[in-house]
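Worksheet: one structure, shown below.
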Amino acid sequence: MAKPSGSYCLPFACLYVLFVSCASAVKNDQDRQVYIVYMGALPARADYVPMDHHTIILQEVTGESSIKNRLVRNYKRSFNGFAARLTETEIQTLASMEDVVSVFPSKNLKIQTTASWDFMGLKKGKSAKRHLSIESNIIIGVIDSGIYPLSDSFSDKGFGPPPKKWKGACQGGNNFTCNNKLIGARYYTPKLEGVPQSAMDSMGHGTHTASTAAGNAVNDVSFYGLGNGTAIGGVPNARISVYKVCGITKCPSYGILSAFDDAIADNVDLITVSIGADYGLRFEVDPIAIGALHAMAKGILTVNAAGNGGPDLSTVSSVAPWLFTVGASNTNRGFLTKVVLGDGKTVVGRSVNTFDLKGTKYPLVYGESASSSCNATAARLCSRGCLDKKLVRGKIVLCDSSDYIEEAKSLGAVASIVGSSTGDTAFVLSFPVSVLAVAEYNIVLSYMNSTKNPKAAVLKSETIYNQKAPVIASYSSRGPNPIVPDILKPDITAPGSEILAAYSPDDPPSLSDTRHVKYSILSGTSMSCPHIAAVAAYLKTFHPRWSPSTIKSAIMTTAWPMNASTSSLNEMNEFSYGSGHVDPVAAIHPGLVYEANKVDYITFLCGLNYTGKTFRLIFDGKNCTKEQSRSLPRNLNYPSMTAQVLATKLFEMSFRRTVTNVGMSNTTYKAKVVGSKVLNVKVIPNVFSLKSMYEKKSFTVTVSGKGPKAGKLVSAQLIWSDGFHFVRSPIVVYAAK
């Protein structure tokens, strides 16, 4: 294999992974896209200098003595590698090197609260104790779009100096100041002409996620009167360090790996990433999985949004078992926008509508009737260029989809009523809109068809606190896991819909909006992700020595059960919500936990044929043993149990698990299986006694029966209980289409 002369590559070190950036290349380099060369673990040699090694490689491969216009990033603190502008020929040369694991294009990844913490039970009172001094020692790393540091949510009033363990820095750019609450800031966004580089949040997204996780308590917060209350993060006494990787909705992969490189070395306690890669990326070409793997090896849990690709199946983008993958649900609070028709009938929709039309009824016009230039289908959707300005001005426009809401506004409509296949989430819009579910929308259409001069009024939104919850959001990405079907994803569910939190006044709260706010309402798995990060931080205040897998297990096995009555749109329940809905207080005392360490993940990857060169580079020169290579992915010591089988065929399979006692000494646990009349489940042994804390017990779960129909699943619940603790794990059997 080709190898640069004078290479620093050691037996346990060098892995090159490459990514493409949409950032424009320097002059004369338009044919050279940005790729990431990821080189695995940093060599332990005292004389190894990563940046020198990176320079040598680039000079050798490019044939250029100066690499100033080639080198984009160095990874040198927590793992090894660099990002550079490369041609196809240069990529092929690197890919053929003995040290290279994978070559893949970097893509722009996607960015995926006053009532939510009360809903989950994490509020003031006896049920939610806090260790404030320990909480103040927790540092949450937020990889996102930056932060608005002037928000009251990040004031350092009452905070002492940063924890002594902190190794980070405030490198937020010009006019950016950190404090004893916001203790660190870095940015990795591409240079854009005329746009100053800084960690300042120009999108609002990172500010929102950071304040959801660890924002201060700020009283009398609302969005123009909606959702009024106290905005507070889950761990308001924790510190925050931000890593800006997203700018103008683009989140380049090379910046994300840089953020992980720094966050790990900065010694944060956990990382929250409300960003998602494409569906179905293998681990060695997934920047978040790569970064999180190195974080896990240092004892840092990475919490990641599942994605917003629901309700379609296999859309979950966070699939690695060392990632804590979060789906989104609602709370008991919702925002409703009523429509009063001319005949007095009222239909109820959703939106965050703060505009008051005083109940005035305006003429209604359907998109199809307001167009003379498009086919009927496009006109009903109010597609761009279809509506006639003369026919919509001063009217309320009906559209079959919310995709082109702004089109009606731009042509002078006073409001809009749109149809939605789900209608389960309210979004902030720049003019009066009510989003109706299909049944309600059809009522409006029927009224219009039966009335000569139809009129309606779109009312200002109102807040309710008694809606059915928790219900999985339609947008929340679903399993099954597209890479490893035997690992259930998402892992857990948390509030993600209609979350009120801090926002950047530099960015309007919606498209074509002219308003500027300090707090706004957003929805997505981006919002549920920091909820789980905060719960993980909360657990660390009670159990500072718990590993990432222990924290993850405690949250999963104590989650609120969910079933078909609390999951919408399809029958693939566990693929929607994982182990269930997070219960922060219960997670403090899980009783038993399923632990997995670096060796367990090595065995897991061996079973997936991550062997030879690739494996040695990722794991410090280690090789798979024969026993590890024969391991089955479903035998990873995971808090859930999942397997894919053939449709309608008889099957029998086993799961091997080990639990660790973190509850009480001298106790006995008994196994109980509930929730399925289809699966035959045997647990051996089904009773065990534990004499001491941290004692371990192993067991085998054998599942047999007839596989479900193609594209369906059957499930059950294994519950270990000693009468005080109830340690619950889903068992899922799925038949692929």
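The structure presented is a predicted model; accordingly, all values stated were derived computationally and were not measured.
Closest heavy-atom contact between S497 and T425: OG-OG1, 3.9 Å. Taking all atoms of both residues into account, the shortest heavy-atom contact from V428 to S520 is CG2-OG, 4.3 Å. Annotation for G204 and D507: closest pair N-CB, 4.3 Å, computed over non-hydrogen atoms. Looking at every heavy atom in both residues, H294 comes nearest to F79 through CE1-CB, 3.5 Å. Scanning all heavy atoms of the two residues, the minimum distance from A494 to S528 falls at O-CB, 3.3 Å. Contact between A554 and L539 at its shortest, heavy atoms only, is CB-CD1, 4.1 Å.
With rounding to the nearest 0.5 Å, the separation of SG in C251 from CG in D144 is 7.5 Å. Note that the OG atom of S145 and the CE atom of M203 stand 5.0 Å from one another [nearest 0.5 Å]. To the nearest 0.5 Å, the span separating CD1 on I492 from CZ on F324 amounts to 5.5 Å. Between the CG atom of N304 and the CG atom of D286 there is a distance of 8.0 Å, given to the nearest 0.5 Å. The line from OG of S549 to CG of N637 is 8.0 Å long, rounded to the nearest 0.5 Å. Distance check, rounded to the nearest 0.5 Å: CZ of F260 to CZ of R77 gives 14.5 Å.
No side-chain heavy atom of P50 sits less than 4.5 Å from a side-chain heavy atom of N74. Taking the side chain as every heavy atom from C-beta outward, M296 and I300 never approach each other to under 4.5 Å. Contact of the R85 side chain with the V72 side chain is registered, since non-hydrogen atoms from C-beta on lie closer than 4.5 Å. Taking the side chain as every heavy atom from C-beta outward, S211 and Y503 never approach each other to under 4.5 Å. Between V37 and I57 the shortest side-chain heavy-atom distance does not fall below 4.5 Å. The shortest distance between side-chain heavy atoms of P252 and N108 falls below 4.5 Å. Considering only heavy atoms from C-beta on, M39 comes within 4.5 Å of F82 through its side chain. At a threshold of 4.5 Å between non-hydrogen side-chain atoms, the residues N80 and Y75 do not count as touching.
W560 places no side-chain N or O within 3.5 Å of a backbone atom of V582 that could act as its donor or acceptor partner. In this structure a side-chain-to-backbone donor-acceptor pair under 3.5 Å is missing from D201 to I147. Between the side chain of T230 and the main chain of N219, no donor-acceptor pair closer than 3.5 Å is present. Using modelled atom types, no side-chain atom of T325 and backbone atom of P490 make a donor-acceptor pair closer than 3.5 Å. Counting only distance, with no hydrogens or angles, the side chain of S258 and the backbone of Y254 share a donor-acceptor pair below 3.5 Å. When atom types are taken as modelled, the side chain of H53 and the backbone of V49 share no donor-acceptor pair closer than 3.5 angstrom. With hydrogens and angles ignored, the 3.5 Å screen pairs a side-chain donor or acceptor of T525 with a backbone N or O of G307. No donor-acceptor distance shorter than 3.5 angstrom exists from the side chain of R70 to the backbone of A84, with no hydrogens or angles considered. Judged purely by atom type and a 3.5 angstrom limit, K191 has no side-chain atom pairing as donor or acceptor with the backbone of Q197. Judged by distance alone, the side chain of S477 and the main-chain N or O of G309 form a donor-acceptor pair under 3.5 Å.
Side-chain polar atoms of S523 and E498 form no donor-acceptor pair below 3.5 angstrom. Side chains of T550 and S547: a donor-acceptor N/O pair is present below 3.5 angstrom, by distance only. Defined by atom type and a distance below 3.5 Å, a donor-acceptor pair is missing between the side-chain atoms of Y601 and N597. In summary, the side chains of S553 and Y638 do not present any donor paired with an acceptor at a separation below 3.5 Å, with no hydrogens or angles considered. No side-chain donor-acceptor contact under 3.5 Å links S202 and D506. In this model, no donor atom of one side chain and acceptor atom of the other lie less than 3.5 Å apart for N216 and S155. Residues Y148 and S153 have side chains that never bring a donor and an acceptor to within less than 3.5 angstrom of each other.
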Derivation and outcome, side-chain contact (heavy atoms from CB on, under 4.5 Å), residues I140 and V268
CA-CA 6 Å; I140 298 180; V268 302; over 6 Å; no
Run D491 and K489 through salt bridge (charged side-chain N to carboxylate O under 4.0 Å, His left out) and show every step you take.
CA-CA 5 Å; D491 293 305; K489 291 289 179 173; 2.8 Å; yes
May I have the step-by-step check of side-chain contact (heavy atoms from CB on, under 4.5 Å) for T189 and V245, ending in yes or no?
CA-CA 5 Å; T189 46; V245 299; 5.8 Å; no
Could you walk me through whether I134 and F542 pass the side-chain contact (heavy atoms from CB on, under 4.5 Å) check?
CA-CA 8 Å; I134 301 177; F542 291 87; over 6 Å; no
Assess the residue pair I256 and L109 against the criterion (side-chain contact (heavy atoms from CB on, under 4.5 Å)); give the C-alpha distance rounded to whole Å, side-chain angles, the decisive distance to 0.1 Å, and a yes or no.
CA-CA 9 Å; I256 291 170; L109 277 65; 3.6 Å; yes
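By the 6.0 Å contact criterion, CE on M51 is open, its count of non-hydrogen atoms from other residues, nucleotides or ligands being 12 or less. More than 12 heavy atoms of other residues, nucleotides or ligands lie within 6.0 Å of NZ in K540, so this atom counts as buried by the packing criterion.
Ring orientation note: the planes of W546 and H543 are close to parallel, at an angle under 30° on the 30°/60° scale. Aromatic ring orientation, Y243 versus Y188: parallel (interplanar angle below 30°, classes split at 30° and 60°).
Ionic pairing of E135 and R130 is present here: one or more N-O contacts between side-chain nitrogen and carboxylate oxygen are shorter than 4.0 angstrom.
Screening K298, K165, K167, R186 for a salt bridge (Lys or Arg N to Asp or Glu O under 4.0 Å) involving D266 leaves a single residue, R186. The only member of K181, R239, H131 that meets side-chain hydrogen bond (donor to acceptor under 3.5 Å, both in side chains) when paired with S136 is R239.
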